[in-house]
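Contents: one structure, followed by commentary.
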4 protein chains.
Amino acid sequence: MPRGRPKNTEARREQIVEGLLDVIAEHGYDGASIVAIARAAGLAPGGVHYHFKTKQDVLIALASRLGDTLRRRWELRMSDAGPDPLVRLDAFIDAHLALQGSADPRAVAAWVVIAAESLRRPEVRSAYAAVVDERLTTLRSLCGECLREQLGSAHGAAAAAAAILAAIEGAYALATAAPQSIPPGTAAPTIRKMARSLLTA
Amino acid sequence: MPRGRPKNTEARREQIVEGLLDVIAEHGYDGASIVAIARAAGLAPGGVHYHFKTKQDVLIALASRLGDTLRRRWELRMSDAGPDPLVRLDAFIDAHLALQGSADPRAVAAWVVIAAESLRRPEVRSAYAAVVDERLTTLRSLCGECLREQLGSAHGAAAAAAAILAAIEGAYALATAAPQSIPPGTAAPTIRKMARSLLTA
Amino acid sequence: MPRGRPKNTEARREQIVEGLLDVIAEHGYDGASIVAIARAAGLAPGGVHYHFKTKQDVLIALASRLGDTLRRRWELRMSDAGPDPLVRLDAFIDAHLALQGSADPRAVAAWVVIAAESLRRPEVRSAYAAVVDERLTTLRSLCGECLREQLGSAHGAAAAAAAILAAIEGAYALATAAPQSIPPGTAAPTIRKMARSLLTA
Amino acid sequence: MPRGRPKNTEARREQIVEGLLDVIAEHGYDGASIVAIARAAGLAPGGVHYHFKTKQDVLIALASRLGDTLRRRWELRMSDAGPDPLVRLDAFIDAHLALQGSADPRAVAAWVVIAAESLRRPEVRSAYAAVVDERLTTLRSLCGECLREQLGSAHGAAAAAAAILAAIEGAYALATAAPQSIPPGTAAPTIRKMARSLLTA
DNA sequence: CATGAATGAGCTTTCATTCAT
DNA sequence: CATGAATGAAAGCTCATTCAT
């Protein structure tokens, strides 16, 4: 039974990850110096390194936190979606394009940054790939269900899942870097329509 | 008749941009130090700054060069595509996903880096947005033609164009950062199929 | 009771300014690289930028420190000078030309460098002008007192103050750049004499 | 007897020195890169080094050109001044403070820059000191004449000359870096008055 | 004579990381 | 646990100078 001051490591780590999220959303990853992250988290610079070995580790933690958020958001919508796999697919797309106002623009910006950073740092790439893979696995099984129900075979589920996720990720990127390119409110319905076309005759 | 040393700025700029392309493909933008770019271009470090004011300017030049390449590649395929707008749309998608082996993996990696960098530097964003806008304009007019022919009205062309471009851009990102997520050879046909679904009844 | 490492910024800033003073005196501002300043202050190069945003800020801090020193030195002499404004004026000139051996040749060299640098950098110019203005204000009021007492009107005080300060500043410059041009020990008495001629009938 | 193209070296050197004068006046010595000097002189960068071994040599040439100008200006005024040494002294001061509109503000700015640069570069210091020494020699002999005529002995001429030149040089510095400190039109008359006080009973 | 490309040493500045307090 | 001073290895950039043309 531990004595003395209770640990607040987890809370602090969360604070720091949240600080990074804020700073990335406002200044990009370049502006996310340790000092800036610390300030946003209400700590001194040294504190960040007390709780994370490197700055990269903070980014990795952020990546997996964003993954958790996506999973939770999808699970939430799933419980309302009923058994129809096509409806569940719609729920997946909506969860990721965050239709009903629950989107966190900070998260979108951060996710694009993580995608970019993953090009450079293998460790970040692993974290990014882990989230992508989990999304893909989910999506592939959804696509498989649809295809089996519609066409009797799950053939093509992987390709469909990849294309749908590509459209989602691409929508993030365009929304962030060239927002004027997407007519407001069209992203989710259009991608839903594209998705259905892959899964129905 | 001019005396003195002849100008070679254009050739050198091209060399430097090419050097950046090489270095980005291998080490990402972070690894693309001026020294590395210069070495790849066969110059001393100062040489890069003789021909470009800042490192960012090299990246911007690279962005517009990639845009030129895309445009040229599409124009090439267009001449073979005939008058059917749906076929021309396929040509567009193929040109961008570079089916028949003419793809430059360096270019894909660099483009993703530019997209990421455009989040941080407004000037890069302008260059990125310029290329995106040109692609979108082309795509929107293609979509418009298809829709008018198929459905009698161009309504929805902008949303369709954005979604298709999102899928293309997302495919770049996934291909770069999580290559195992896309079954080989499926990207272009799947996206072609999705695109058609938006433009036909 | 604060935890953590205690702040020592003020002391360090003072050390760094002192380091700059040393280096300027020996090698001029051109020789005053950040590395040299840091070494003179007993720090690593990064340390200077931890306590000052830019190198220029160190120079500005030095300017205002030199101004403080001048003011203190004059206040010291003032307390001995008695009420006669002409004697107080003598005290001003002596304080600035540092008769009784309290002169800091480093300070003179640095001041000339600051004057020169103020031609190039607006921010340095502001700092320089602030010191000059304070000296001028003091001097003008001294001249005004003298003139009122001697001639019944303070007319001409501003012109007299400017000329006296010009002579002082010029003496710094000549002493630094062409020391042989001033017969030793003559600067202060000669300028005192010139000053009196402006303030008496 | 030389054949072929006539040399235009002297003219080119003059052009380059003039270019430096322009650039210093506008951007200070820091802004006076070889490229900027060359551009102001209508040459390519290499041209400057064809005519001058180093950039410093251009500055030195400028220093002696400014000295020549001062000498010529004084000689001109001297011819109008008549035999009275006090009047000739006034002419000297006026020549240097350039009363009747013949002042070149570029020259004043450049001279202050040269004074500053002379602190750093021994070679520049020599050039600066040469001009100062010539002025001082002239001034000393003028002061000597005055003193002998007024007081029967030239004693104190050197100190007087130094103080007068200090006031002139200081006026340049103040006029350049803190122009508001000198009431317009007062510099020359006030310094003339100060000078006379040193040379008369 | 003149050009302008090219060099490379030098600079200031940033910043992740370490560590004494 | 936490602070914040300090480090030192980069980085981008400038520029006098050289030299092929």
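Only this structure's heavy atoms are used, side chains among them; waters, hydrogens and symmetry mates stay out. First the proteins, then the strands, lettered A, B, ... as listed; each starts at 1.
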Report task. Could you tell me the separation between the CD atom of C:E10 and the C1' atom of F:dG4, rounded to a whole number of Å? Result -> 15 Å
Query raised in the report: Phosphate oxygens OP1/OP2 of E:dA5: is one of them under 4.0 Å from a side-chain N or O of B:R12?
Result: no
Query - cation_pi(A:R13, A:F52) dist<6.0 Å, angle<=45 - result: yes
Query raised in the report: When you measure from every atom of DNA chain F, which of residues 46-62 of chain C have a heavy atom less than 4.0 Å away?
Result: C:G46, C:G47, C:Y50, C:H51
Query - Any residue meeting side-chain hydrogen bond (donor to acceptor under 3.5 Å, both in side chains) with A:R12, in chain and number order, not counting sequence neighbours - result: A:Q15
Report task. Measure across D:V35 and D:P45 and return the closest heavy-atom pair with its distance rounded to 0.1 Å. Result -> CG2-CG, 4.1 Å
Report summary line: Residue pair C:A44/B:V35 against DNA chain F: nearer the 5' end by closest nucleotide is C:A44
Query - Separation of atom CD1 in A:I34 from atom C1' in F:dA6, rounded to whole Å - result: 16 Å
Query raised in the report: What nucleotide, of E:dC1, E:dT12, E:dA5, holds the atom closest to the side chain of B:N8?
Result: E:dA5
Report task. Would you check if B:E14 and B:R65 make a side-chain contact, meaning some heavy-atom pair closer than 4.5 Å? Result -> yes
Query raised in the report: Atom OH of B:Y29 and atom C1' of F:dA11: how far apart are they, to the nearest Å?
Result: 12 Å
Report summary line: Rounded to whole Å, the NE2-C1' distance (D:H27 to F:dT14) equals 16 Å
Query raised in the report: Minimum heavy-atom separation for B:A110 to B:L66, with atom names?
Result: CB-CD1, 4.0 Å
Query raised in the report: Tell me: CZ of C:R39 to C1' of E:dC11, nearest whole Å?
Result: 14 Å
Report summary line: Those stems involving DNA chain E that have three or more consecutive Watson-Crick or G-U pairs, both distances under 3.5 Å, are E:2-21 with F:2-21
Report summary line: Sorted by position of nearest nucleotide on DNA chain F, 5' first, the leading residue of B:P45 and C:P45 is C:P45
Query raised in the report: Over how many whole Å does the gap from A:L43 atom CG to F:dA5 atom C1' extend?
Result: 17 Å
Query raised in the report: What pair of heavy atoms forms the shortest contact from B:V48 to B:I37, and how long is it?
Result: CG2-CG2, 4.3 Å
Query raised in the report: What is the distance from CG of B:D30 to C1' of F:dA10, rounded to the nearest Å?
Result: 12 Å
Report summary line: What one should report as the nearest heavy-atom pair of B:I34 and B:K55 is CD1-CB, 3.7 Å
Requested in this report: Examine E:dG10: is either OP1 or OP2 under 4.0 Å from a nitrogen or oxygen in the side chain of C:S33? Give yes or no.
Outcome: no
Requested in this report: State, to 0.1 Å, how close A:A61 and A:V17 come at their nearest heavy-atom pair, and which atoms those are.
Outcome: CB-CG2, 3.8 Å
Report task. Would you name the heavy atoms of A:A109 and A:A25 that are closest together and state the gap between them? Result -> CB-CA, 4.3 Å
Query raised in the report: Just how far, in rounded Å, is P of F:dC1 from CD of A:Q15?
Result: 13 Å
